[in-house]
There are 2 protein chains.
Amino acid sequence: MTSHDPGAKIISIPTLKAACQECSLNGICLSLGLGEADMKSLAGAIKSRRRLKKGEYVSRMGDPFRALYAISSGSTKTCEIAADGGVQITAFHLPGELLGLDAISAERYPSDIVALETTDLCELPFERLEALALEVPGLQHQLFRIMSREVLEEEKLLLMLGRMSAEERLAAFLLNFSKRHQQLGSSPTELRLPMSRQDLGDYLGLALETVSRLFSRFQEEGLIRVQGRQIKLHNLAKLREVTQHLPASPAARA
Amino acid sequence: MTSHDPGAKIISIPTLKAACQECSLNGICLSLGLGEADMKSLAGAIKSRRRLKKGEYVSRMGDPFRALYAISSGSTKTCEIAADGGVQITAFHLPGELLGLDAISAERYPSDIVALETTDLCELPFERLEALALEVPGLQHQLFRIMSREVLEEEKLLLMLGRMSAEERLAAFLLNFSKRHQQLGSSPTELRLPMSRQDLGDYLGLALETVSRLFSRFQEEGLIRVQGRQIKLHNLAKLREVTQHLPASPAARA
DNA sequence: AACATGATTTGATAAAGATCAAATTCATAT
DNA sequence: ATATGAATTTGATCTTTATCAAATCATGTT
């Protein structure tokens, strides 16, 4: 987290009204590690805010890429769609996270990004952001870090999809979601999932029925309490154990 | 590809000897889209070359991050290792590709990167690269593109692991490998795989036996010819069909 | 409040792929 | 060339999870 003094509200230009310094996420998003003057520049790069209702699209596959979006509040799912109609959700994004990083290279959105609930976005025109990154010290590095982090997150998901059992995947998801909730200042044990069982299945590479059965099983085992999308985590340590259940042959590999 | 005249060899400073302009990949790697003067700057940023033998490590999980590596010749695998010892290979990299993008954010390598055969690397100290990206027009953008592309590639793999059958995964891998071979100027139908069946399984989320059986099946069906790691693709169109086999219910989803 | 619609849970069965096991082929060093 | 160990192939069986089906539970609407 950054250490901007929230008391020092000197700036009040209209363009900044809806910008980073007023954002409740100040310090989580792009601005991490930037000085106050740089924050002003960044705020100037924000084109506008968009409010989406549940089910509305941030982007559709094939849309031309012009801007990244930072989530100010709410949440989204990113859906990759196969030629055969199969859906793979590659990420759920929460406030402070950046959308559209996968669209830079082809200048087209490769996926549908859909709001899971009412969601507020900051639109960051990419050309302006790039120009700014050449001038604001630290911003370029920050962008590299954020993109690198996205690569890393996806690698963790690859590990889950390729090598973990259904049980391990759901436990890992719950722990990850818990951690992110906590980083946003919410309870790490009282989760309100914004996505359906179907979404969760499409993310974890499982059938929705399997996801549902696992929730029931975890509840029977006393690990969690399930009330629809309201989940209480009773035992984080045991959930962590579940993610690490040793495979049959723990032998080292070449 | 760029259009540098290979006949115009004006530069011969030692530091450039082993650098981009002399590289057989000129134009594929970072330099894509840069002018000749910028290429010189880039070449200056290259610290050194490293030659690795089969099985040697580019990085080990936890190593401090200081540099990206560009593959000049050879190939690598990137192995994510789970707490329980399970291995997931998140990428195979070929000449012209950049290694270490996932290490920027934490300033540590999150994975083992291993040479699959004798492999030559260019070491690009990241601090120098970042400084250069602030000065050389287009280099920052190029780096953003490359990182975005990495995100995209991983999303494709996520789709494979989460939603495709074993058959579809192997067919998709063969087509992808074929395309990259072709882009490097090799035959798109005569492949020499540098990785073992075990590696392929660890990449595709399958048991090595399943991979082996699929090779045999594809051969029986006349799609390919298998001689160990030497693979001849007989029918690219049919392989493409295999990747698109419709699932039981092609119904649209919410 | 009753209804309609979609989401979730639970059950029964089937299929895909993992695992265990063994034979065969390949590669490398002597 | 030959031996040795690793990689690959093939077979038999078992587990996990998908699929199909139906009941129940929410949610929002008129």
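Naming convention: chains lettered A, B, ... in sequence-line order (proteins, then strands); numbering from 1 in each chain. Everything numeric in this text was worked out from a predicted model, so none of it was measured.
For B/R229 against D/dT9, no side-chain N or O and base N or O form a donor-acceptor pair under 3.5 Å.
Atom pair A/L200:CG and C/dA7:P shows a separation of 14 Å (rounding to whole Å applied). Between the CG atom of B/L204 and the C1' atom of C/dA18 there is a distance of 15 Å, given to the nearest Å. Going from atom CG of A/D202 over to atom P of C/dT8 covers 12 Å, rounded to whole Å. Distance, B/Q198 CD to C/dT19 P: 11 Å, rounded to whole Å. Atom CG of B/L208 is separated from atom C1' of D/dT10 by 12 Å (rounded to the nearest Å). With rounding to whole Å, B/K54 atom NZ is found 10 Å from C/dA29 atom P. Following rounding to the nearest Å, B/F215 (CZ) and D/dT8 (P) show an atom-to-atom distance of 9 Å. In this structure, B/Q230 places its CD atom 16 Å from C1' of C/dT25, rounding to the nearest Å.
A salt bridge links A/E153 to A/R149: at least one charged side-chain nitrogen sits closer than 4.0 Å to a carboxylate oxygen.
Contact detail for B/M147 and A/S148: the closest heavy-atom pair is CE-N, 3.4 Å. Closest of all the heavy-atom pairs between B/M164 and B/R169 is O-NE, 2.9 Å.
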Exercise for the section: Determine, step by step, whether A/T76 and A/L52 satisfy the side-chain contact (heavy atoms from CB on, under 4.5 Å) criterion, reporting the C-alpha distance in whole Å, the side-chain angles of both residues, the deciding distance to 0.1 Å, and the verdict. Expected result: CA-CA 10 Å; A/T76 62; A/L52 299 182; over 6 Å; no
I'd like a list of close polar pairs between nucleotides 22-29 of chain D and the protein, N/O only, cut-off under 3.5 Å.
none

Give me, pair by pair, the N or O atoms of the protein and of nucleotides 13-17 of chain C that are less than 3.5 Å apart, along with how far apart they are.
| from | atom 1 | to | atom 2 | distance (Å) |
| --- | --- | --- | --- | --- |
| C/dG17 | OP1 | B/A166 | N | 2.6 |

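Applying the salt bridge (Lys or Arg N to Asp or Glu O under 4.0 Å) criterion to A/E221, with sequence neighbours excluded, gives no partner residue. When the salt bridge (Lys or Arg N to Asp or Glu O under 4.0 Å) test is applied to A/E167, the partners found at least two apart in sequence or on another chain are A/R217. For B/Q219, there are no side-chain hydrogen bond (donor to acceptor under 3.5 Å, both in side chains) partners two or more places apart in sequence or in a different chain.
Note on A/R197: a side-chain N or O is less than 4.0 Å away from OP1 or OP2 of C/dT9.
For the residue pair B/R49 and B/S72, a side-chain donor N or O sits within less than 3.5 Å of a side-chain acceptor on the partner.
Using a 4.0 Å heavy-atom criterion, one finds that B/S212 contacts the bases of the nucleic acid, with or without backbone contacts as well.
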Residues 59-67 of chain B, side-chain donor-acceptor partners within the protein, below 3.5 Å, at least two apart:
| from | atom 1 | to | atom 2 | distance (Å) |
| --- | --- | --- | --- | --- |
| B/S59 | OG | B/S111 | O | 3.2 |
| B/D63 | OD2 | B/R60 | N | 2.8 |

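Looking at the side chain of B/E209, the nearest of the listed nucleotides C/dT9, C/dT8, D/dT10 is D/dT10.
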